[in-house]
Protein chains: 2
Amino acid sequence: MLELAILGLLKEQDLHGYELKKRLTETLGSFSSVSFGSLYPALNRLERAGGVAATEAGDEPAVAVPVPMTGSLDGELAAYRATRRPTRRAGRSRKVYRITPRGDALFAELLAADNAAGDDERLFHLRLAFARFLPPDERVGLLERRRAQLVERLARSRANRKSARDRDAYAQSLAERDTELTERDISWLDRLLAAERTPKGKAKSR
Amino acid sequence: MLELAILGLLKEQDLHGYELKKRLTETLGSFSSVSFGSLYPALNRLERAGGVAATEAGDEPAVAVPVPMTGSLDGELAAYRATRRPTRRAGRSRKVYRITPRGDALFAELLAADNAAGDDERLFHLRLAFARFLPPDERVGLLERRRAQLVERLARSRANRKSARDRDAYAQSLAERDTELTERDISWLDRLLAAERTPKGKAKSR
DNA sequence: GCGCCGATATATCGGAGCGATATATCGGCT
DNA sequence: AGCCGATATATCGCTCCGATATATCGGCGC
């Protein structure tokens with residue numbers, strides 16, 4: 001799972017572990033903030049598998065002007081510090097990771113794999129975040145598979161909600177929330193599917 | 001985490017592993033269906049710690065009429081089979097688990113622990129499911145702590161949503177969903193808090 | 001009656017992810 | 001000079017999961 005995320009980010013830009021972590025927490029959503037205890041082992045796995053190559057960066061930045069990607073806080077802060085003084089980066093030396101052709105192939109494989117079983121929300125969100133690398137028909141497939149899973153889940157959720165009626169108020173509230181969330185997620189997917197089928201050519205790809 | 005769930009269910013009724021798993025998937029919500037690979041090890045941990053005691057059931061049921069808990073499918077099916085024939089249960093012999101006083105204490109400890117750090121959704125849901133075992137003021141505390149976490153998360157989520165504007169449509173949609181879900185969860189908690197503060201004495205406790 | 005399928009049930013294994021912690025190195029503040 | 005805090009990489013122990021193995025019984029076809 002992490003492998004997919006790492007490779008996806010490295011496809012855009014070479015990055016070192018620490019920076020990778022920040023972007024990862026953005027990509028995966030506001031929750032689920034990827035621990036270093038999973039990131040570094042995952043990077044090592046990828047390196048052993050030949051999916052990424054690491055270059056020990058001295059102290060000059062690997063890229064003259066690292067692509068800001070967003071006009072966000074980090075960028076502005078860095079710019080501010082840069083005007084104050086041409087400071088050399090603080091802290092320990094970095095290992096900058098770069099994706100290889102093997103990694104590209106691995107990424108495509110992980111992205112397309114149709115995990116029929118298992119309704120892993122995080123994995124779906126991750127795939128969706130990289131949906132732009134998927135051909136349009138596979139995008140629809142991804143969304144429809146997810147929709148089917150949610151419909152199944154909704155049935156279980158409604159059954160559970162019914163049977164929760166003779167439990168206490170907390171169980172009921174929990175079950176109601178569950179049902180509503182699933183319903184909303186389904187209509188969210190329906191909106192995405194509708195957008196997918198009326199192309200309009202406005203999609204901003206990279 | 002599983003320990004808390006197991007002990008909470010065993011507080012109501014003695015259960016064997018397989019049945020425990022079914023109830024667990026209900027309690028934890030429609031997703032996250034607790035694997036045997038975590039359940040049985042967790043039961044062994046609890047047994048070693050003296051929180052539960054296992055009795056190897058022969059083939060007579062440990063309880064003459066196992067409490068149905070819900071008038072649900074399981075119950076009706078069992079009743080149906082019972083009318084057809086006084087069948088002896090099929091399958092391998094069971095190990096029925098019973099909670100001990102040590103387990104009771106452990107449960108209280110796990111339920112009350114104020115995990116300031118870490119915004120683990122599942123753990124919160126689990127605690128809420130057993131909120132009836134908490135004194136009213138601690139219930140409010142639990143809800144308010146969760147609310148604070150969600151407010152923090154909402155801030156991150158909104159920031160991320162803003163910075164997602166110059167990424168593709170999928171990232172934007174993902175970020176919007178994130179924000180909306182968090183907002184809805186906060187108002188859900190507000191409703192629970194309001195209900196908590198206007199007691200009305202209607203709460204159905206056990 | 002016999003064999004086999006499917007349900008019931010317990011158990012283990014390898015791997016992934018997490019939280020805590022250790023280690024290293026530098027800038028800046030006092 | 002000394003220390004703090006930010007940056008960065010890395011490891012340890014643990015929990016949980018999915019897959020798989022194992023055991024045992026009822027019921028079905030033939």
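Each chain gets a letter, A, B and so on, in the order its sequence line appears, and its residues count up from 1.
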Tell me, please, which residues at least two apart from B:T100 pass side chain to side chain donor-acceptor pair (under 3.5 Å). none

Rounded to the nearest angstrom, tell me the gap between atom CG in A:D120 and atom C1' in D:dC16. 13 Å

Want to settle it: does A:L2 or A:F36 sit nearer the 5' end of DNA chain C, counting the closest nucleotide to each? A:L2

For the base of C:dT10, is there a side-chain donor-acceptor partner from B:R92 under 3.5 Å away? yes

Which residues satisfy the side chain to side chain donor-acceptor pair (under 3.5 Å) test with A:K162, sequence neighbours excluded? none

B:R139 side chain to B:A131 backbone, donor-acceptor under 3.5 Å: yes

B:K95 atom NZ is separated from D:dA23 atom C1', nearest whole Å, by 14 Å

Rounded to whole Å, please give me the gap between CE in B:M1 and P in C:dG19. 13 Å

Specify the separation, in whole Å, of atom NE2 of B:H16 and atom C1' of C:dT8. 9 Å

A:R94 side chain N/O closer than 4.0 Å to the phosphate oxygens (OP1, OP2) of D:dA8? yes

Given the structure, check if the side chain of A:S35 and the base of C:dG17 hold any donor-acceptor pair shorter than 3.5 Å. no

Which parts of residues 39-51 of chain A get close to DNA chain C, meaning a heavy atom less than 4.0 angstrom away? A:R45

B:L123 has an atom CG; how far is it from atom P of C:dG19, in whole Å? 12 Å

Any sub-3.5 Å donor-acceptor pair from A:R98's side-chain atoms to A:Q13's backbone N or O? no

Qualifying salt bridge (Lys or Arg N to Asp or Glu O under 4.0 Å) pairs, either residue in residues 180-190 of chain A, two or more places apart: A:R147-A:D190, A:R158-A:E183, A:E180-B:R184, A:R184-B:E180, A:D185-B:R177

Contacts satisfying ring pair (Phe, Tyr, Trp, His ring centres under 6.0 Å) that involve residues 3-25 of chain A (not counting sequence neighbours) are A:Y18-A:F36

Taking atom C1' of C:dT8 as reference, at what distance in whole Å does atom CG of B:L20 sit? 15 Å

Mind checking A:G37 for me? I need base, sugar-phosphate or nothing, with any heavy atom below 4.0 Å counting as a touch. base

Output the rounded distance in Å from NZ (B:K21) to C1' (D:dC16). 13 Å

Pairs satisfying ring pair (Phe, Tyr, Trp, His ring centres under 6.0 Å), at least one member in residues 155-177 of chain A, at least two apart: none

When A:E3 and B:Y97 are each assigned the nearest nucleotide of DNA chain C, the 5'-most assignment goes to B:Y97

What is the distance, to the nearest angstrom, from the CG atom on B:L24 to the P atom on C:dA9? 15 Å

